[in-house]
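Here is the structure we will look at, set down as C-alpha cells.
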Amino acid sequence: MRTDRIFARLDREPEPPKIEIPRMSRHRVVLFGATMAFYLAIVVAVLGSSWLVELDWKVMLYRPYEQWPQLHAFLDYFVVLGQRGPTAVMVMAWLGWRSWRQHTLRPLLTLGAALLLLNMTVGSVKLGLGRLGPHYATQIGSAELFAGGDIFPSGHTANAVVTWGILAYLATTPRARRWLSVISAMVALGVGATTVYLGTHWVSDVLLGWAAGLLILLALPWFEPLIARAEAFVFVVREKVRERRRSRASAPAPAPVPVPAVPAMPPQRGHEEDDAPVREPVGVASGRGPGRPLPARPYQPARSERPPVVPAGTRRPPHTERTPRTAPARPLGG
C-alpha cells in the first residue's frame, strides 16, 4: 500500500463534501416502534417480578466470575469501553478530526445531542425506579426496585451502544457503515455481557440498556434539523468574529494629535531680586564716558558676617501685680 494515498486521505478536503443525512424512513420508524415495545415489555416484566426477575437471580447466584476466574483480569479492562468518560473522549477526538477535515460541525454536534439524550432518558429511569444491584440485593427473588439504587437500565451498556454506534451512524459510505455497525454491535454486546459476568448488573439491566441505546440511535434523524440550525448559528457567529478581526486589522492607524506649543514663561524673580535696585550700565547716565571708572564704594559686610546685636534690657513684659522681692530683715544682735 502506498503511503501517499494514506496521507492524502488524512489531509483536509478543499471544500465540504456532500454528505447524505439519514432520514426517518419507514423502516427506521418500524424499528423504533419495535424497540420501544421491547423496552416497555422489560420494564413491565421487572415491575411484575415475572420470570425475568427469576432469571436475574439464577444468573446472579451462579456467579459467573467464580466459574471462569481466568477472564476476570481482562474483562476488568474491557468493561472500560462502556464508561462514558473514556469512550466519549476517544470518539470525540476522532469526530473532531472528521469535523476539521470535512469543514463541518455535524459529527461533534450529533455526538453531543446523542449523549444529552442518553443522560436524560437513562438517568431519569435509573433514578425513578431506584433498583439495587446484585451485590446490594437484600431479598432473594425480589426485584429490588425503589430502594435507592441506580442500575436499571445498565448505563455501561447503553453508553456503549450510543458512543460506538454513532460512528456507524455518521459513516459516509455504505461499506464503512456496515463494518462500523458490526464492530459497534460486538462491543456493545461484549460490554453488557461483561457487566453480568462481573456481577454489577442483572440480566434485565443489560437488556434494557441495549434497548435504550438503540432507541437513541434510531431517533437521531428527528434531531437533524435542530443540529443543522445549531451548526449554521455557530458558523454565523464565527464569520462575525472574523469580520471584526479583519476590520480591526485593515483599519488605518489614527493620525497623531498635534500637541500645541506652550510658550516659554519668563523666569520669575524672587522677592530679593524685586527689591534690589536696577543698575544702569556704565556710561549711560551722568554723562560719563565709557572709559572713565566709577568711584570705589565703601566696604559693606554681608548680613551673615555682621556681629549679632544684643537688645538692651529684658524682653519680658512688666507684671504690675507682682511685688518686688525684698531681702528679709535680719535681727540685730545686741
Side-chain angles (χ1 to χ4, degrees), residues 16-36 38-40 81-128 150 153-174 176-181 183-185 187-188 191-192 208-239:
K18 295 181 179 180
I19 301 175
E20 182 180 357
I21 299 176
R23 297 181 179 180
M24 203 65 182
S25 61
R26 182 179 302 178
H27 177 70
R28 190 180 289 270
V29 172
V30 172
L31 287 177
F32 183 85
T35 308
M36 178 61 72
F38 180 74
Y39 184 96
L40 295 177
L81 295 178
Q83 289 185 0
R84 192 161 307 163
T87 55
V89 171
M90 289 186 290
V91 175
M92 190 179 300
W94 170 261
L95 295 181
W97 172 78
R98 280 272 309 274
S99 298
W100 171 81
R101 185 172 182 268
Q102 297 178 351
H103 306 268
T104 178
L105 294 177
R106 179 175 170 265
L108 290 176
L109 294 177
T110 304
L111 176 63
L115 293 180
L116 181 61
L117 290 174
L118 178 66
N119 292 333
M120 294 174 59
T121 56
V122 175
S124 60
V125 176
K126 277 175 174 285
L127 298 178
D150 57 350
S154 171
H156 278 69
T157 306
N159 182 74
V161 174
V162 173
T163 306
W164 301 109
I166 203 73
L167 298 179
Y169 177 82
L170 294 173
T172 55
T173 61
R177 185 175 293 108
R178 286 194 298 267
W179 278 103
L180 290 174
S181 299
I183 294 173
S184 61
V187 172
V191 169
L208 197 65
W210 283 331
L214 186 57
L215 284 175
I216 294 174
L217 290 179
L218 292 174
L220 278 179
W222 280 330
F223 296 90
E224 286 293 344
L226 180 62
I227 293 173
R229 287 196 293 269
E231 182 183 14
F233 175 76
V234 173
F235 283 152
V236 168
V237 173
R238 185 189 66 175
E239 291 299 326

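Small disclaimer: the values here were computed from a predicted structure and weren't measured.
- Annotation for Pro153 and Val122: closest pair CG-CG1, 3.9 Å, computed over non-hydrogen atoms.
- To the nearest 0.5 angstrom, His27 atom NE2 is 11.0 Å from Met24 atom CE.
- For the atom pair Phe38 CZ and Leu214 CG, the distance stands at 10.0 Å (nearest 0.5 Å).
- Atom OG1 of residue Thr110 and atom CG of residue Leu217 lie 11.0 Å apart, to the nearest 0.5 angstrom.
- Heavy-atom minimum distance, Ala188 versus Thr157: O-CG2, 4.4 Å.
- Side-chain atoms of Thr35 do not come within 3.5 Å of backbone N or O of Leu215 as any donor-acceptor pair.
- Side chains of Ile166 and Leu220 form a contact here, defined as non-hydrogen atoms less than 4.5 Å apart.
- A donor-acceptor pair is defined here as one N or O able to donate and one able to accept, closer than 3.5 Å; such a pair exists between the side chain of Arg98 and the backbone of Leu170.
- Looking only at side-chain heavy atoms (C-beta outward), Leu167 and Ser184 stay at 4.5 Å or farther from each other.
- A distance of 3.5 Å separates OG of Ser99 from CG of Leu108, quoted to the nearest 0.5 Å.
- One distance of note links OG1 of Thr121 with NZ of Lys126; it measures 11.0 Å at 0.5 Å rounding.
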If you apply the rule side-chain contact (heavy atoms from CB on, under 4.5 Å), what do you find for Tyr39 with Trp210, and how did you get there?
CA-CA 9 Å; Tyr39 184 96; Trp210 283 331; over 6 Å; no
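- The closest side-chain heavy-atom distance from Pro221 to Tyr169 is below 4.5 Å.
- Checking side-chain atoms of Thr163 against main-chain N and O of Ala160 turns up no donor-acceptor pair under 3.5 Å.
- The salt bridge (Lys or Arg N to Asp or Glu O under 4.0 Å) contacts involving residues 217-234 comprise Arg106-Glu224, where partners must be two or more places apart or lie in separate chains.
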Using distance only, find each side-chain donor-acceptor pair of residues 87-96 under 3.5 Å and give its atom names and separation, not counting sequence neighbours.
unit_1	atom_1	unit_2	atom_2	d
Thr87	OG1	Gln83	O	2.5
Thr87	OG1	Arg84	O	3.3
Thr87	OG1	Asn159	ND2	3.0

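- Paired with His156 under the rule side chain to side chain contact (heavy atoms under 4.5 Å, CB included), one option of Leu81, Val191, Val161 passes, and it is Val191.
- The structure places CZ of Phe223 at 9.5 Å from CD1 of Ile216, a figure rounded to the nearest 0.5 Å.
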